[in-house]
Amino acid sequence: NTSVSTADGNINGSIRFGADTTYMDYRTAMHEISHTVGIGQASNWSSFVANGLFTGTNANAQLTAINATLATPLYTEVHADTQHFWPYGINYASEVTSEAVLIFHCEMVMAIRKDLGLQ
């Protein structure tokens with residue numbers, strides 16, 4: 001869709017890719033799928049974001065569990081804005097450095113959905 005600059009996903013289930021084929025890959029698809037299942041789009045998303053952090057207990061517990069598997073964790077808090085979370089939100093292709101990061105993304109999405117009441 002030429003009206004889309006990169007790609008977008010909507011909680012209504014739709015995903016659109018723009019003309020730039022750079023974004024037509026599994027990383028972008030995983031990121032956009034997270035939006036279709038409520039990440040940044042659930043009606044109560046903003047109630048879990050305060051001072052740039054995602055406050056959900058499940059998401060923060062999941063990050064702690066992920067960090068326990070890492071030799072050197074980079075993040076100790078789940079950050080968020082009006083639509084996205086990080087770490088492991090796959091907001092940029094450069095974030096995907098291993099297969100483990102893709103798994104961490106899925107684990108974080110599931111934990112955030114639980115916080116949002118979207119089990």
Side-chain angles (χ1 to χ4, degrees):
N1 185 324
T2 56
S3 69
V4 177
S5 59
T6 57
D8 63 29
N10 189 292
I11 199 164
N12 70 12
S14 69
I15 296 177
R16 303 180 307 164
F17 290 89
D20 185 345
T21 59
T22 305
Y23 297 97
M24 293 180 192
D25 65 15
Y26 67 94
R27 293 171 295 244
T28 304
M30 287 179 71
H31 172 90
E32 298 307 336
I33 288 168
S34 74
H35 289 307
T36 70
V37 297
I39 302 302
Q41 303 230 340
S43 61
N44 59 342
W45 173 265
S46 63
S47 68
F48 286 93
V49 179
N51 300 316
L53 298 175
F54 190 83
T55 61
T57 56
N58 292 293
N60 282 283
Q62 184 61 55
L63 181 60
T64 298
I66 290 168
N67 283 343
T69 70
L70 302 174
T72 309
L74 298 176
Y75 295 91
T76 58
E77 299 172 303
V78 181
H79 296 263
D81 61 20
T82 58
Q83 298 180 37
H84 301 99
F85 73 92
W86 62 93
Y88 310 117
I90 313 180
N91 301 299
Y92 301 97
S94 61
E95 293 176 55
V96 181
T97 56
S98 68
E99 184 177 290
V101 170
L102 300 172
I103 294 167
F104 296 158
H105 169 76
C106 295
E107 291 171 341
M108 290 300 298
V109 167
M110 294 304 296
I112 291 170
R113 282 179 46 80
K114 197 173 201 178
D115 286 325
L116 297 172
L118 300 172
Q119 301 165 5

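- Of all heavy-atom pairs between Gly9 and Glu32, the closest is N-OE1, 2.7 Å.
- Applying the ring pair (Phe, Tyr, Trp, His ring centres under 6.0 Å) test to pairs two or more places apart or on separate chains, those with a residue in residues 36-55 are Trp45-Phe54, Phe48-Phe54.
- Crowding of Asn51 atom CG: a count of heavy atoms from other residues, nucleotides or ligands under 6.0 Å not exceeding 12.
- Taking 4.5 Å as the limit, some side-chain heavy atom of His35 sits within range of a side-chain heavy atom of His31.
- Heavy-atom minimum distance, Arg27 versus Ala93: NE-CB, 3.6 Å.
- Leu118 is not listed as a side-chain neighbour of Val37, based on a closest heavy-atom distance of 4.5 Å or more.
- The backbone N or O of His84 sits less than 3.5 Å from a side-chain atom of Asp81, completing a donor-acceptor pair.
- Residues Thr22 and Thr6 have side chains not in contact (no heavy-atom distance under 4.5 Å, counting atoms from C-beta outward).
- We find the CG-CD1 distance between Asn1 and Ile15 to be 13.5 Å, quoted to the nearest 0.5 Å.
- Atoms CD and OG1, on Glu77 and Thr64 in that order, are 10.0 Å from each other to the nearest 0.5 Å.
- Between Glu107 and the options Leu63, Ile112, Ile66, a side-chain contact (heavy atoms from CB on, under 4.5 Å) holds for only Ile66.
- In terms of hydrophobic clustering, with Ile, Leu, Val, Met, Phe, Trp and Tyr side chains grouped at heavy-atom distances under 4.5 Å, Leu70 and Leu102 are assigned to different clusters.
- Looking at residues two or more places apart in sequence or on another chain, you find no ring-ring contact (aromatic ring centres under 6.0 Å, His included) involving Tyr23.
- The nearest pair of heavy atoms linking Ser34 to Val109 is CB-CG2, 3.8 Å.
- Sparse packing is recorded around CD of Glu99, with 12 or fewer heavy atoms of other residues, nucleotides or ligands lying under 6.0 Å away.
- Taking CD of Gln41 as the reference point, atom CD of Gln83 lies at 6.5 Å (rounded to 0.5 Å).
- Listed by first and then second residue, the ring pair (Phe, Tyr, Trp, His ring centres under 6.0 Å) pairs that reach into residues 97-119 are Tyr88-Phe104, sequence neighbours excluded.
- Listed here is the closest heavy atom pair of Thr36 and Ser14: CG2-O, 3.7 Å.
- Note on Met30 and Tyr92: separate hydrophobic clusters, where clusters join Ile, Leu, Val, Met, Phe, Trp and Tyr whose side-chain heavy atoms are under 4.5 Å apart, directly or indirectly.
- Taking each heavy atom of Ile11 and Gly38 in turn, the nearest pair found is CD1-CA, 3.8 Å.
- Side-chain contact annotation: Thr57 with Asn60, donor-acceptor N/O pair under 3.5 Å absent.
- Inter-residue side-chain proximity for Pro87 and Met108 is flagged as unmet; no heavy-atom pair is nearer than 4.5 Å.
- A distance of 12.5 Å separates CD1 of Ile33 from CD1 of Ile39, quoted to the nearest 0.5 Å.
- Looking only at distances, a side-chain donor or acceptor of Asn67 sits under 3.5 Å from a matching main-chain atom of Tyr75.
- Here the shortest heavy-atom pairing between Thr2 and Ala19 reads CG2-CB, 4.3 Å.
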